[in-house]
Enquirer: 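Handing you a structure now.
Numbered from 1 within each chain, the chains take letters A, B, ... in sequence-line order.
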2 protein chains.
Amino acid sequence: MARIRDIAARAGVSEAAVSIYLRDNDTRRVGGERKRKIDEAIRELEYRPNTFARALSRAKSFTIGVLVPYEGPVFRSSFLNEIVSGLQTRLFRNGYSLAFPPASGVRSPVVLKNQLDHASGFDGYVLFGTRFCSRGDMEENAAMLERVGIPFVMANMPELTPSVNQVILREGPKANPIRYLLDLGHRRIALMAGREESPDSLEGIDQAAETCGQYHVELAAEDILFGDYELSIARSAMLTRLARGSDLTAVYCLSDTMAMGVYEALSEANLDVPSDVSVIGRNDSFFARLLTPPLTTVQRPLYEAGSQCAEVLLRAMESGRSGMKVYLDGSLLVRGSTAVPSER
Amino acid sequence: MARIRDIAARAGVSEAAVSIYLRDNDTRRVGGERKRKIDEAIRELEYRPNTFARALSRAKSFTIGVLVPYEGPVFRSSFLNEIVSGLQTRLFRNGYSLAFPPASGVRSPVVLKNQLDHASGFDGYVLFGTRFCSRGDMEENAAMLERVGIPFVMANMPELTPSVNQVILREGPKANPIRYLLDLGHRRIALMAGREESPDSLEGIDQAAETCGQYHVELAAEDILFGDYELSIARSAMLTRLARGSDLTAVYCLSDTMAMGVYEALSEANLDVPSDVSVIGRNDSFFARLLTPPLTTVQRPLYEAGSQCAEVLLRAMESGRSGMKVYLDGSLLVRGSTAVPSER
DNA sequence: CTGAAAGCGCTTACAG
DNA sequence: CTGAAAGCGCTTACAG
């Protein structure tokens, strides 16, 4: 591997000259003839500046750590992947690399601590909430990062401490799926939440309960199901619920993936969507419109959330600002999986 | 940000002592009382060794560059994501980080060159072929990496230069989908390939033609379609083909995603799957079994391919070996989208 | 316009 | 068992 010293020697100039020319091709610090010599040496030796040496001496690494405090394959979640896509596109444009430090440990703050041990010296972080992160975990995580003192932004979490930069996906006024079901005439609605401790699920339950309350409809405890954001678990949860009596006429699922599990369960129970039971999903994953029937879903701007994370982070890195909050609203896409309730 | 110097000062020991203790807690180089002091200082100052300084002086970064020479969101491909998941899991276990250097440029070797400028000093690379990489591109890419002199492994490419480490997904003896269709009695079969120049598509075409040949069936040029590995493009390509006459009785698609596009096209043409046209996909993506009808598909061990990439790379990094080739076979999962051809 | 020197935060022989 | 010193490959004042 050629070093800057080799280039300098071959071109007959000082290392400083090479370094400065590399940073700015138009510098007047280096004369024309010498520039040509340097260029030539670089080409001949296929010189590439060492990333780590450069980061160390510049005190700027052009590396953003993506922190998903969860042991297990990250890239399997189409939800996260969509956000990361937006993040990547925006950050690449500014020349930043994305680094995923190794995850190990069980409790989320422990995993994060381990990840930070491999991510010291980075320019910024994007912290993702996962279904294994309770609100307390995330507060602990955020506090840890604040002590580190490097700019960061949180994705995929309901609003937290005011000092934290966050991009927040919220249902928004145009998207209330429970209200939509109630307006259609449904009175016995189930909520397929994710994981009991997850802030997203808790928020979903609160909102559903509140909306039901406005219609003087009860959201019964037995109608709050937990599908762990996974297809097969949602399927079992739904099956279990159906075994207790099929008086439900609608289900709102906090992810399209879980909605697919609900489709499966309903089909096994010989219940038709939507004539027996209406189903609503969330995210508008690419497969949603291709299901039979096409899934009514709460579209959420995930890619946009990713690029907003990048935007906030870039701003935080250049100005040191914190406490920025960006809110992104969802919207309801009505397709074929919802209908007025029929008497059975 | 605390440095090793701060820890040394606070604990009243030399920097060397801290560094050595950090590397090996059981060292006898540092006495018990001093160890305690160091621990305390580390905890109080929440010290984390600087990744870049450490990489530089150790000449070992514990960073693997994931090179996808393609400008555009990488994490949107569920195909790549599944491979990367396997890679990540195995590499994390050994304490490696995954780094995605920024992509810019149009031609694949140009993108790769740019990426390498941001990835110098890494311990190893995983190079992915994309649908925009011709065989010539990939040979150029491989040659470039060989000149860099750092261990690397290629994923998602048919067999290339012997010197290159590769994990190769091949159809394998148990998976020949064209033969399966022929055995069912189909005689007019279309192939939904990806992109004209992509080696994967070329290989798929060769194999399909060869198998057809064995049955004295012609794979007509007009029955070789290009769906660019995308749903909507596959849909249009299929629609265009159907407009020329619907004498086809079967389609093999080089990805499940394209198979979904074919489903759409067939449904728009009022053709039933499988009674009018049989459809086979590839990859066994998670949604394949949930389509209506459930998709017959060539299951390929993508996650396993990812962990094999990691395995090969780890071996290459410790031994310098090259020219390793790992072959992984697919297998045909027969579900509801295939049947014997009916006369129409 | 140019080079010699010090420094970034670590680690690794080396001498005791 | 311990510390002082040199070095990893860059960059950045500094002096000319």
Enquirer: When all nucleic acid strands are considered with a 4.0 Å heavy-atom cut-off, which category describes B:Arg29: base, sugar-phosphate, or nothing?
Expert: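 The residue B:Arg29 makes base contact.
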
Enquirer: Sort by first number and list every stem of DNA chain D: at least 3 consecutive Watson-Crick or G-U wobble pairs, both distances under 3.5 Å.
Expert: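 The stems that DNA chain D takes part in, listed by first number, are C:1-3 with D:14-16, C:5-12 with D:5-12, C:14-16 with D:1-3.
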
Enquirer: Take the protein atom CD1 of B:Ile20 and the nucleotide atom C1' of C:dC14, then report the distance between them rounded to whole Å.
Expert: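 Computing the B:Ile20:CD1 to C:dC14:C1' distance gives 11 Å.
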
Enquirer: From the list C:dC10, D:dC10, C:dG3, which nucleotide is the closest neighbour of the side chain of B:Glu15?
Expert: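 Minimum distance to the B:Glu15 side chain belongs to C:dC10.
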
Enquirer: So, taking the atom named CG in B:Leu45 and the one named CD1 in B:Ile7, what distance separates them when rounded to the nearest 0.5 Å?
Expert: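 So the gap between those two atoms works out to 4.5 Å.
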
Enquirer: Has the side chain of B:Arg58 got a donor or acceptor that lies under 3.5 Å from a partner of the other kind on the base of C:dG9?
Expert: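 Side chain to base: no pair below 3.5 Å.
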
Enquirer: Can you see if the side chain of B:Arg5 gets near the phosphate of C:dG9 - specifically, an N or O under 4.0 Å from OP1 or OP2?
Expert: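 Checking C:dG9 against B:Arg5, no side-chain N or O comes under 4.0 Å of OP1 or OP2.
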
Enquirer: Does C:dC10 have OP1 or OP2 sitting under 4.0 Å from an N or O in the side chain of B:Arg23?
Expert: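 For B:Arg23, the contact criterion (side-chain N or O under 4.0 Å from OP1 or OP2 of C:dC10) is not met.
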
Enquirer: Of A:Lys325, A:Glu159, A:Gln308, which meets side-chain hydrogen bond (donor to acceptor under 3.5 Å, both in side chains) against A:Gln166?
Expert: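 Answer after filtering A:Lys325, A:Glu159, A:Gln308: A:Lys325.
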
Enquirer: Judged by modelled atom types alone, do B:Asp123 and B:Thr63 share a side-chain donor-acceptor pair under 3.5 Å?
Expert: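 No, B:Thr63 and B:Asp123 have no side-chain donor paired with an acceptor closer than 3.5 Å.
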
Enquirer: So, is B:Arg54 near the phosphate of C:dG9, with a side-chain N or O under 4.0 Å from OP1 or OP2?
Expert: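 No, no such contact exists.
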
Enquirer: What contact category does A:Ala16 fall into here, base, sugar-phosphate, or nothing, at under 4.0 angstrom with non-hydrogen atoms?
Expert: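 Base: the residue A:Ala16, judged by heavy atoms under 4.0 Å, touches a nucleobase.
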
Enquirer: Grab the CG-P distance between A:Asp24 and D:dT12 for me, whole Å please.
Expert: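 To the nearest whole Å, that distance equals 12 Å.
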
Enquirer: Could you tell me the separation between the CZ atom of B:Phe52 and the C1' atom of D:dG7, rounded to a whole number of Å?
Expert: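 Whole-Å distance recorded here is 20 Å.
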
Enquirer: Which residue is it: B:Val126, B:Val153, B:Leu314? I am looking for the one with a side chain to side chain contact (heavy atoms under 4.5 Å, CB included) to B:Ile64.
Expert: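 Of B:Val126, B:Val153, B:Leu314, side chain to side chain contact (heavy atoms under 4.5 Å, CB included) with B:Ile64 is met by B:Val126 alone.
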
Enquirer: Round to the nearest Å and state the distance from B:Ile38 atom CD1 to C:dC10 atom C1'.
Expert: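 One finds 15 Å between C1' of C:dC10 and CD1 of B:Ile38, rounded.
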
Enquirer: Any chance you could measure B:Ile42, atom CD1, to B:Tyr47, atom OH, to the nearest 0.5 Å?
Expert: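 Nearest 0.5 Å value for the CD1-OH distance: 7.5 Å.
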
Enquirer: Run the ring-centre check on B:Phe128 versus B:Tyr70 and record whether the distance is less than 6.0 Å.
Expert: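 No: the rings miss the under 6.0 Å criterion.
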
Enquirer: What is the distance from CG of A:Leu22 to C1' of D:dT12, rounded to the nearest Å?
Expert: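 That distance rounds to 15 Å.
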
Enquirer: Please determine, for the side chain of A:Val30, which listed nucleotide (C:dT2, D:dC10, D:dC1) has the closest atom?
Expert: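 Closest nucleotide to the A:Val30 side chain: C:dT2.
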
Enquirer: Would you say C:dC10 has OP1 or OP2 under 4.0 Å from some side-chain N or O of B:Ser57?
Expert: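 No, no such contact exists.
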
Enquirer: Under 4.0 Å: is that the gap between some side-chain N or O of A:Arg48 and OP1 or OP2 of D:dC10?
Expert: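 No, outside the criterion.
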
Enquirer: Between CD of B:Gln115 and OG of A:Ser97, what distance do you get to the nearest 0.5 Å?
Expert: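 If I round to the nearest 0.5 Å, the distance is 9.0 Å.
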
Enquirer: NA contact type, B:Tyr21, heavy-atom cut-off 4.0 Å: base, sugar-phosphate, or nothing?
Expert: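 Nothing: the residue B:Tyr21, judged by heavy atoms under 4.0 Å, touches no strand.
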
